[in-house]
2 protein chains.
Amino acid sequence: MKSRLRPQYEARARIIKAMAHPSRLFIIEELQKQERCVGELTEMIGSDTSTVSKHLSVLRNAGLVSDEKRANSIYYTLRCPCVMDFIGCVEEVLSANAKEHADILKCCKK
Amino acid sequence: MKSRLRPQYEARARIIKAMAHPSRLFIIEELQKQERCVGELTEMIGSDTSTVSKHLSVLRNAGLVSDEKRANSIYYTLRCPCVMDFIGCVEEVLSANAKEHADILKCCKK
DNA sequence: CTTCTATTTGGCTATATGGCAAAATAAGAA
DNA sequence: TTCTTATTTTGCCATATAGCCAAATAGAAG
């Protein structure tokens, strides 16, 4: 592809890659509802604190969330709620896939 | 997170992960304009045919594209054009990030 | 059947990622 | 100051990914 376009696609891919993990999708969805600190998210997700912290740093580095320290916890917020629109489309893909699977099964049974 | 939710987040993550690569984003955007065969995409992207073929199989396995053989080429099509909506949001994140960077620079110069 | 063309697959290497545990850091409370 | 709590960083290992090359496959064309 034209070399001047490369960096643009790479930048986009970095953002999307930051979302491409089950726990991080959970975090995004949760933060869309309300801000949360690491401890809360850790408990909800059920893995090691350090793991959740790393996920948060991935999201932060991508610019998807911002953090603010209050009392002795760090609260994370979703910066661009539009990322939630993704989910709708992803679900559309998933149900299209499910439908196709169903059709294939139906066809084989005949 | 509640164990019955896990599979759902994993399914979503698989779809998003399939998009999380510069070449695959390019392919998605190109296929949104018109169907293309492997050879055409290979030339546009400029990497090995086998590499592009693998990218296409990632997209196909995710259910994002479908393929149809005609003459002696295989033509790929975008199955859910809504994935293009992603890009708008991703660009929003990118420009928010750029703005923040600019603000930080401005602040430091003072 | 043989040849040619388009695409996929397998083998390989280098690099990136996710996870936990342990050590390090930051900042409030005593 | 020291103690405590919340979070981040580091080290390590296992696994996944991208890329190229070479080999295999599928069909069209001769």
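Per chain, numbering begins at 1; letters A, B, ... match sequence-line order.
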Compile the donor-acceptor pairs under 3.5 Å between side chains in residues 53-60 of chain B and protein atoms, sequence neighbours left out, one pair per line.
from    : atom 1 : to      : atom 2 : distance (Å)
B/His55 : ND1    : B/Arg24 : NH1    : 3.0
B/Ser57 : OG     : B/Lys54 : O      : 3.0
B/Arg60 : NH2    : B/Tyr76 : OH     : 3.2

Counting the atoms with a prime plus P, OP1 and OP2 as sugar-phosphate, which does A/Tyr76 contact under 4.0 Å by heavy atoms, base, sugar-phosphate, or nothing? sugar-phosphate
Bend of the helix from C/dC1-D/dG30 to C/dA30-D/dT1 from end-axis comparison, five pairs per end, nearest 10°, comes to 20°
Looking at A/Ile87, A/Ile28, A/Val90, which one forms a side chain to side chain contact (heavy atoms under 4.5 Å, CB included) with A/Met19? A/Ile28
Among all residues two or more places apart in sequence or in another chain, which pass the ring pair (Phe, Tyr, Trp, His ring centres under 6.0 Å) test with B/Phe26? A/Tyr9
Within residues 44-63 of chain B, residues whose heavy atoms come under 4.0 Å of DNA chain C: B/Thr49, B/Ser50, B/Ser53, B/Lys54, B/Arg60
Pairs under 3.5 angstrom, nitrogen or oxygen only, protein versus nucleotides 26-30 of chain D, please.
none

Holding to disulfide bond (SG atoms under 2.5 Å apart), I want the full list of residues that pass it with A/Cys80, two or more places apart in sequence or in another chain. none
Within residues 6-25 of chain A, find the residues that approach DNA chain C with a heavy atom at under 4.0 Å, and present them sorted by residue number. A/Lys17, A/His21, A/Arg24
Any side-chain hydrogen bond (donor to acceptor under 3.5 Å, both in side chains) pairs touching residues 87-99 of chain A, not counting sequence neighbours? A/Glu91-B/Arg12, A/Asn97-B/Arg79, A/Lys99-A/Asp103
When you list every nucleotide of DNA chain C with an atom under 4.0 Å from a heavy atom of chain B, which one comes first 5' to 3', and which comes last? C/dA6 to C/dG11
Hey, can you pull the residues of residues 35-43 of chain A with a non-hydrogen atom under 4.0 angstrom from DNA chain D? A/Cys37, A/Val38, A/Gly39
Taking distance alone, no hydrogens or angles, what donor-acceptor pairs closer than 3.5 Å link side-chain atoms of residues 37-44 of chain B to residues at least two apart or in another chain?
from    : atom 1 : to      : atom 2 : distance (Å)
B/Glu40 : OE1    : B/Cys37 : N      : 3.0
B/Thr42 : OG1    : B/Val38 : O      : 2.7

Listed by chain and number, what are the ring pair (Phe, Tyr, Trp, His ring centres under 6.0 Å) partners of A/Phe86, not counting sequence neighbours? B/Phe86
